[in-house]
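Worksheet: one structure, shown below.
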Amino acid sequence: MNRFYVLFFIMVFCNPILPQSLDDIFHKIDLKLSRDKSYLNLHYIDFIASDIKDFPVEEIPRTNERDPFTFKNSENITYRLVLMLEGVGVDSTFLMYLEERKSLAAGGESFIGDVVDGPREEISRALSFKDLYYLRNEFPEIYTALYQVYRNFKKVNEDPPPSLLAINVDNEIKTSIGIAARDNSDYLAFHRMNNIHWYMKEEKKVTGRRGEATAKSDFRLDASFSQVTFSHELMKFGGAIGGVEFGFIDRSLNLLPYQAMSMTTGFRTLISLSESKSDLNKALMVDARFLGRVRANTDNLGQKLPFVQAEKARLNVGTAAGADLSFTRPFQMPFLNLYFATGGAYFTKPYIKLGPTTAQYAYSTFTQAEMSFAFYWNTSDKKTTKFRIDVGAGYHDIWKSYYRANGTFSGKKELRYDKVSPMVALHFNFSPANSDLLYSKIRIYDSRVLAQAWIKLAEFGNGLHSFRFEGMYLTPAVARKKYDWENDGGVILQIRYRLGM
């Protein structure tokens, strides 16, 4: 909640000896907004009545027994909507008051009979702070219609609305602590930069600025040597965005690509659960990947690829079905990530067996799960350096099965590992001049470290095409002995191509 309204709530409801009435408080707020507006960091949008389309009512109710307000279609009347924008300490944009501004021609008279020597304006407070507060609580459809003026402004402007602040602000002053957005903007910026699937952007028409607009494509492709994702404009349905993927990567296990001994295919959909589908920063969104995993002897392929340097895998990953879900602040919680994959136990013909021919055994995993909360922050308001941290826990099972000298399954098996282990991952993004340049990640799970990084090599076609060089490094076990089903890790280096992302 906005600090302004928290203070207001405390003053009104939590102070039993407060002698002021509610109307007195509203009166003081309106006086403050009127007398000190040039010292408040408020912004404004000027518009005319015809700019508001499909307004829900003709007459807007007002407080203090005043007559309802009606917008006037006149060439010499404009309106100014004053707002307090979201920012540090303010989690939402709030409407503060509405002014009606009537132009008076030179030599005319104002409504009090004064002769006007030059072009002047007659300014009146059409809707006060109290009026808007009343509309926000009692008539939210009217408040939302007024709020649409701000949304329409954002669609055609990259810069914020003009400010009423009349004092000079020292832009060289830098924040000493991190800044975290109170909406989805950090989440969206991170995923547009790093997610293998496409995240939509709000359409903005920018005029009068240098540079070319970002090129668009109906196709979106993210392709590397280990994973491919694809989507198209035709895969939009009912406000959701679809996509498909194929790869050789496991989501949660400490394994490099091709070491997972499986091929994964899936369908991804990004859904907004909010009524307003256009305001992504406020929407409750679910990014859902529904995955199917089929076991395959991919380790032999990985051993032959020159860009993969890793020991031979020792763990079989079973066929499974699963889902990877990300939620934007459900029930006012932090950003939530959930993953699970499970399938039937299969011990008959594992691809990897260990031990002598006469007494072979194999390790297999069939169920994996992970839950984490994600937190985002920036080192400054310029958002050049961005961080994300995931804090949670993961689970996976390990089964050991035994085989006869002729290679057939003996029927003997035992559960060797069945634990929940903490998981933490730190992400770092570097975006100078609003250009995605560098990313790195360190993930620690089950006493092993997975490091990942990429750097942009080239971008052309007005941002339509980009190439990245990326690498992954898996360390040996840290602060414990190596399990028998683990190897000492390795490295994979690859090129990633992104189209229309």
Side-chain angles (χ1 to χ4, degrees), residues 178 180 186-187 190-191 193-196 226-227 247-262 264 289 302 308-311 313-315 317 322 324-327 333-341 363 365 367-379 385-398 416-430 438-455 470-494:
D186 288 339
Y187 169 90
F190 177 87
H191 284 281
M193 185 175 181
N194 302 298
N195 203 296
I196 58 176
S226 57
Q227 193 171 43
F248 305 96
I249 298 178
D250 186 86
R251 162 72 168 75
S252 64
L253 294 171
N254 287 320
L255 296 170
L256 292 173
Y258 301 102
Q259 286 186 336
M261 302 297 294
S262 60
T264 300
R289 298 165 59 208
V308 179
Q309 298 296 321
E311 292 185 352
R314 299 173 64 87
L315 178 65
V317 180
D324 186 4
L325 310 173
S326 295
F327 301 86
M333 295 191 302
F335 297 96
L336 176 63
N337 306 305
L338 298 174
Y339 170 78
F340 69 91
Y363 293 105
T365 177
T367 301
Q368 302 82 39
E370 183 179 296
M371 184 190 78
S372 66
F373 291 107
F375 303 88
Y376 300 84
W377 75 97
N378 309 276
T379 57
T385 305
K386 307 177 181 72
F387 287 92
R388 163 180 161 172
I389 187 169
D390 301 328
V391 180
Y395 165 85
H396 66 275
D397 60 352
I398 301 291
R416 297 297 302 271
Y417 187 94
D418 185 40
K419 297 180 182 178
V420 175
S421 300
M423 186 283 300
V424 61
L426 178 64
H427 309 254
F428 166 80
N429 278 125
F430 182 55
L438 180 69
Y439 165 80
S440 63
K441 167 187 173 183
I442 295 178
R443 178 180 184 267
I444 303 175
Y445 170 62
D446 193 23
S447 298
R448 299 193 72 178
V449 179
L450 178 64
Q452 183 177 355
W454 61 255
I455 185 170
E470 67 178 37
M472 297 175 65
Y473 170 60
L474 179 63
T475 71
V478 178
R480 65 166 172 80
K481 294 182 179 180
K482 182 177 69 174
Y483 296 129
D484 191 29
W485 55 85
E486 294 179 323
N487 58 31
D488 288 327
V491 177
I492 177 173
L493 303 175
Q494 57 184 356

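Between Ile492 atom CD1 and Tyr473 atom OH the span is 15.0 Å, to the nearest 0.5 Å. Atom CD in Gln452 sits 4.5 Å away from atom CE in Met472 (nearest 0.5 Å).
Here Asp418 pairs with nothing under the salt bridge (charged side-chain N to carboxylate O under 4.0 Å, His left out) rule; sequence neighbours left out. Residues passing the side chain to side chain donor-acceptor pair (under 3.5 Å) test with Asn195, sequence neighbours excluded: His191. Listed by chain and number, the residues in a side chain to side chain contact (heavy atoms under 4.5 Å, CB included) with Pro422 amount to none (sequence neighbours excluded). Remark: Glu486 pairs with Arg480 by the side chain to side chain donor-acceptor pair (under 3.5 Å) rule, at least two apart or across chains. Partners of Tyr417 under the side chain to side chain contact (heavy atoms under 4.5 Å, CB included) rule, at least two apart in sequence or in another chain, are His396, Ile398, Lys419, Ser421, Asp446, Tyr483, Trp485. Among residues two or more places apart in sequence or in another chain, the side chain to side chain donor-acceptor pair (under 3.5 Å) test is passed with Asn487 by none. Every residue meeting the ring pair (Phe, Tyr, Trp, His ring centres under 6.0 Å) condition with Phe387, not counting sequence neighbours, appears here in chain and number order: Trp377, Phe428. Scored by the side chain to side chain donor-acceptor pair (under 3.5 Å) test, Lys386 finds Ser431 as partners (sequence neighbours excluded). Residues satisfying the side chain to side chain contact (heavy atoms under 4.5 Å, CB included) criterion with Ser226, sequence neighbours excluded, are Ser224, Ile249, Pro257, Tyr258, Gln494. For Arg443, the salt bridge (charged side-chain N to carboxylate O under 4.0 Å, His left out) partners are Glu370, not counting sequence neighbours. In this view, Phe335 and Tyr187, Tyr376 satisfy the ring pair (Phe, Tyr, Trp, His ring centres under 6.0 Å) rule, not counting sequence neighbours.
Taking every heavy atom of both residues into account, Met423 and Ala425 meet most closely at SD-N, 4.0 Å. Counting all heavy atoms, side chain and backbone alike, Tyr339 lies closest to Ser252 at CE2-OG, 3.6 Å. The shortest non-hydrogen separation linking Tyr395 to Tyr445 is N-OH, 3.4 Å. Across all their heavy atoms, Met193 and Leu438 have their closest contact at CE-O, 3.5 Å. When all heavy atoms are compared, the tightest approach of Leu493 to Gly471 is CD2-CA, 3.9 Å. The shortest non-hydrogen separation linking Gly302 to Val308 is O-CB, 3.6 Å.
Within the 4.5 Å cutoff, the side chain of Leu450 has heavy atoms near those of the Leu256 side chain. A 4.5 Å side-chain heavy-atom check between Ile444 and Val478 finds every atom pair outside the cut-off. Proximity of Gln259 to Asp250: side-chain heavy atoms (C-beta onward) are nowhere separated by under 4.5 Å. In this structure, the side chains of Ile389 and Val424 come closer than 4.5 Å at one or more pairs of heavy atoms.
No donor-acceptor pair closer than 3.5 Å links the side chain of Asp324 to the backbone N or O of Arg289. Between the side chain of Thr367 and the backbone N or O of Asp397 there is no donor-acceptor pair closer than 3.5 Å.
Here the rule is side-chain contact (heavy atoms from CB on, under 4.5 Å) with Leu315, and of Asp484, Thr365, Asn254 only Thr365 fits it.
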Take Phe373 and Val391, measure what side chain to side chain contact (heavy atoms under 4.5 Å, CB included) needs, and give me the verdict at the end.
-> CA-CA 5 Å; Phe373 291 107; Val391 180; 5.6 Å; no

Tell me, with the steps shown, if Leu338 and Phe340 meet side chain to side chain contact (heavy atoms under 4.5 Å, CB included).
-> CA-CA 7 Å; Leu338 298 174; Phe340 69 91; over 6 Å; no

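Within 6.0 Å of the CD1 atom in Ile442, the count of heavy atoms belonging to other residues, nucleotides or ligands does not exceed 12.
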